[in-house]
Structures are given as structure tokens and as C-alpha cells.
S.K.: 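What follows is a structure written as C-alpha cells; I'll ask about it next.
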Protein chains: 2
Amino acid sequence: MDRPRGRPREAVLDAERITDAAYAVLRREGARGLTMRAIAARLGVAPSAIYHHLPFRAAVLAAVQERFAAGLDTSGFGTLPLREALSRWAWSYLRRLREHPELVQVIVEVPLAQTPHTSLMYQRVIAGFAAAGWPEESIIASMSVLETYIFGAALDSPSPDDVYAPRSSAQEPLLARTYAAFAASVDDQGERPRDALFRLGVESILTGLYSVWGSGRGWATAQPPRGTGE
Amino acid sequence: MDRPRGRPREAVLDAERITDAAYAVLRREGARGLTMRAIAARLGVAPSAIYHHLPFRAAVLAAVQERFAAGLDTSGFGTLPLREALSRWAWSYLRRLREHPELVQVIVEVPLAQTPHTSLMYQRVIAGFAAAGWPEESIIASMSVLETYIFGAALDSPSPDDVYAPRSSAQEPLLARTYAAFAASVDDQGERPRDALFRLGVESILTGLYSVWGSGRGWATAQPPRGTGE
DNA sequence: ACCTGAACACCGTTCAAGT
DNA sequence: ACCTGAACACCGTTCAAGT
């Protein structure tokens, strides 16, 4: 800002410091506030200075997302039974996305890429499947199904807990009744609805995957609903 | 454009026509090109004219998304066995999101709201569960788990088919081997990887849900992995 | 009430000018 | 090579002025 006009004797920026600033801005201002100008302001630098280190905004987002992937909990793989390790991984994944729902939009904009930390994370998960004896052709697909569900669950994070709550019970009695029954049974256990849903989702998926691959039928199990038009 | 300055004798716009234009712009230009100015240009109108009918851009997106929900295939509920009806609904959901991946970002920005068509769609799905005799407290949750997975799958739509493909097989032999095994087994059936994944996901989830609720254990089935740190 | 046109307060990105 | 500062081509939204 009050820096002289030419090149500084020592570099003020690098990709690391830009990522730090971006992460801080993201936490403070949300995804919409994560602008090049805001990052620059936090670094005490002109916006254009960032472009000497990262070529465009998407590269900044990718760096943020790479840092996110590094923080996921893969400690269960190799130390716990696979099913519990997967569950722990899934919950840590969701928890981190929920702490910073802004990250979801970032990841949607810049899908998880082939960055070192991300690759390392996948490798650990895959090693967990392999060590548990899963057939090689089932591993990538099973991991992907679970991860896909986690992303979907994270999408709901910014929205309120009662998206399915009907607005007028008079007009939609069935929706009202089933919603009330759901809410009551969740409340009985003192669990938040979205946690109950995620728990059901993860456990259903794991149960389903174990059933599909454990039955020996594998890819043949799941037949698409073709033949019944549109 | 070449309209005189005052109020026209007959209204030029309404919410319907704005939604038409927005949908057209979305198809042609993608989510990033869906600007108020582009919509206005398509309507031959000043950007500010839109604000007389819809209060902000998010309202335009909500209208687009409402139209999307109206097009989903719920024809299976009441005519097919539940499992096939759910599968048909899921595939039509995904297919429509894939045709217009831009819609995913719109729906992420403006989560599916309590609009008439959306509510109607949910009611039909719920009625399908109810008619099949599912316990009332299981219906909303089961529908939600499936829908969450669909959204997650739709998120992947804009990205290439080979996100998990390793870049260097030398450094990551396990990743490379499992990916090759997955690709080969999918290729054997002449199926696209993302279709195979979605099929596995939907079938695993349905299998899992039937197992959880069919076993009579219900909410008690799925216990979270508490007690194990982090 | 419903349109235009100008304006406000923003964006991401580029680039000449400086050291 | 690495910074500043000005500029370009955009945004969403507001609002006085017109009929």
C-alpha cells in the first residue's frame, strides 16, 4: 500500500501466503466475499500483485481446497476395521465441510483435483479397502459412491434443518404426517435431523455396498431400470 | 430498446416471460452467462425493467429451478413397484441435471424451496413409499438420502469422467491398479464410468435402505462411530 | 404501474511504468 | 522478477424521470 512503486528488495508474496489470506477471508466473509481485492487488502498489496504468483482466481480456490483435503481424518485406515474407518472418514469430511459451508461452493466451482494432498487422501482410503480384501474393481467405485453422498450432504449444509417441513399441513396432509413422524423419531434420540439423515445415509450406503460386493454378484447386481420408458 | 421512455400501454414483461428468457440464456451461455443484463437483452428490455417483476437475481434463479422440478419423472409412483419407481425418478433427476449442468450451480445457490411444483413432486414420492407400506418415520429420511446422493452425483457432472485417474502410475501404483481394474470392468459392459457409478450408488442405497427398514431395526440400526477419537 | 437511462458500488484481469 | 496504479470490460441493483 505505502510501498514504493518498483520491485521490493524481498518478495512480499508467495502462493502460501496468498492461500493463508484466502482461507482467512473465506472464514470471515464467506464465499461471496472471497474476492481478489479482499485477499489483496488482507495482504496489504495491490490486487494485481496476486497475479504474479497465481494465474487466476480459480487457482487461488484450488489452493484453498487442497489445504482442505489435507485436513481430513484418514487415521482409521489401517488401525480400525474398514467399515469404521470409512465412517470416521465420512464424518470428518462432512464435519469440515459444515464448519465452512463456503468451501462447498468453492469445491463445486473447482472440483477436487489431482493435487498432492488430495491424491494422498485417496490412496489411504484405497489402501484401506485393499487391506480388507475388497476386489480391485470395486474399490474406486465404492469410495466414489460414498464421497458423492458426502458432497450431496454438504450441499444441504447452508440450508435450514427443515427443508422438507411442509408449510401448510392442510393442503398436504401426507407430507405433514410423514414429516411429523420423522421429526418425532429423530427427536426421541436427541439427534439433530441432519445428523440423523447423514447417519442413515452413510450406514445405508455401507450396508448396500457390503451387500453388493459381499454377495459375489458385483457389477451384475445393479441393473438399470431400462425397458420402462423415459 | 427503441421503446419510448414512459410506461408502455401494455405490459411488456411478466415473471413467466422472464423465466423463459432466463432458461434460454442458461442453456445458451451457461450459469456464468446468466446475468440480469443478458436476460434483459434477450427480452429487448433495460436490465432495470426486470426488477419490477422479480425483486432480485436469486428470485429469477428460484423460478428457473421451480420449472426444473416440474419436469422430473414421477410417473412410476403408483404404477410400478416402489423400488423401480424410485430408480426411475432418480435417473430422470440425474439425467435432467446432466443435460444442464449449469442448473446444479443454480440449485446450490438457491436450494430447492417450498414452491408448488417441488412440493408436488415430493408428495408423489412420499405417496409411493406410503403405498408400499414403509413406516411413516422412515419415508422422509429415505427419500432425502436418495436425493442427497443424486445431488452429489450431479455435482460431478461438469467434471471429466476420469477424476480418479492417477496422473503418474509410477508414484501411486495402488491407485493406478485399482483405477485400471475399475475402468476395465466398466468397459466390459460398454457403460460410461459415471453411469456405472450412479447405478452402483442408487442400487447400493436402495439395498441399504430396504435392509435397514426391512429388518425392523429402523433408526437403531445405524450407530455413529462415536468413542473413536477426533 | 411499468418502462428507460444514468449512476453507484462493485467485480476479475491486463498492462505499462517503475525498481 | 515483482510490485503499483490506472484502466478495461464487466457485474447487480437503485432511482429519478417519463407516460
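Below, read A as the first sequence line, B as the second, and so on, with proteins coming before strands; counting in each chain starts at 1. The structure presented is a predicted model; accordingly, all values stated were derived computationally and were not measured.
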S.K.: Indicate for each nucleotide in nucleotides 13-19 of chain D, in 5' to 3' sequence, whether protein heavy atoms under 4.0 Å reach the base (B), only the sugar-phosphate (S), or nothing (-).
M.R.: BBB-BBB
S.K.: Rounded to whole Å, please give me the gap between CD in B:E29 and C1' in D:dC11.
M.R.: 15 Å
S.K.: For the residue pair B:Y122 / B:E147, report whether a side-chain donor-acceptor contact shorter than 3.5 Å exists.
M.R.: yes
S.K.: Out of D:dT4, C:dG12, C:dC3, which nucleotide sits closest to the side chain of B:V45?
M.R.: C:dC3
S.K.: Send over the distance from A:L54 CG to D:dC3 C1', rounded to a whole Å.
M.R.: 16 Å
S.K.: Are B:F151 and B:Y93 close enough that their ring centers fall under 6.0 Å?
M.R.: yes
S.K.: Any chance you could measure B:Y23, atom OH, to B:L34, atom CG, to the nearest 0.5 Å?
M.R.: 11.5 Å
S.K.: Okay, side chain of A:S204, backbone of A:G201: is any donor-acceptor separation there less than 3.5 Å?
M.R.: no
S.K.: Check DNA chain C for consecutive Watson-Crick or G-U pairs with both distances under 3.5 Å and list the runs of at least three as stems.
M.R.: C:4-8 with D:12-16, C:12-16 with D:4-8
S.K.: I need the minimum non-hydrogen distance between A:R3 and A:P8, along with the two atoms involved.
M.R.: CD-CB, 4.4 Å
S.K.: Between A:E10 and B:L34, which is nearer to the 5' end of DNA chain D once each is assigned its nearest nucleotide?
M.R.: A:E10
S.K.: Could you give the CZ-to-P distance, from A:R17 to D:dC2, as a whole number of Å?
M.R.: 12 Å
S.K.: Is there a donor-acceptor contact under 3.5 Å linking the side chains of A:R67 and A:T19?
M.R.: no
S.K.: Between B:Y51 and B:F56, does the ring pair (Phe, Tyr, Trp, His ring centres under 6.0 Å) criterion hold? Intermediate values first, please.
M.R.: CA-CA 7 Å; B:Y51 292 86; B:F56 25 67; 8.6 Å; no
S.K.: Determine the sole option in B:L86, B:D195, B:D73, B:I150 for which the side-chain contact (heavy atoms from CB on, under 4.5 Å) test with B:W91 is passed.
M.R.: B:D195
S.K.: In whole angstroms, how far is the P atom of D:dC3 from the CG atom of A:L43?
M.R.: 10 Å
S.K.: Can you see if the side chain of A:H53 gets near the phosphate of D:dC3 - specifically, an N or O under 4.0 Å from OP1 or OP2?
M.R.: yes
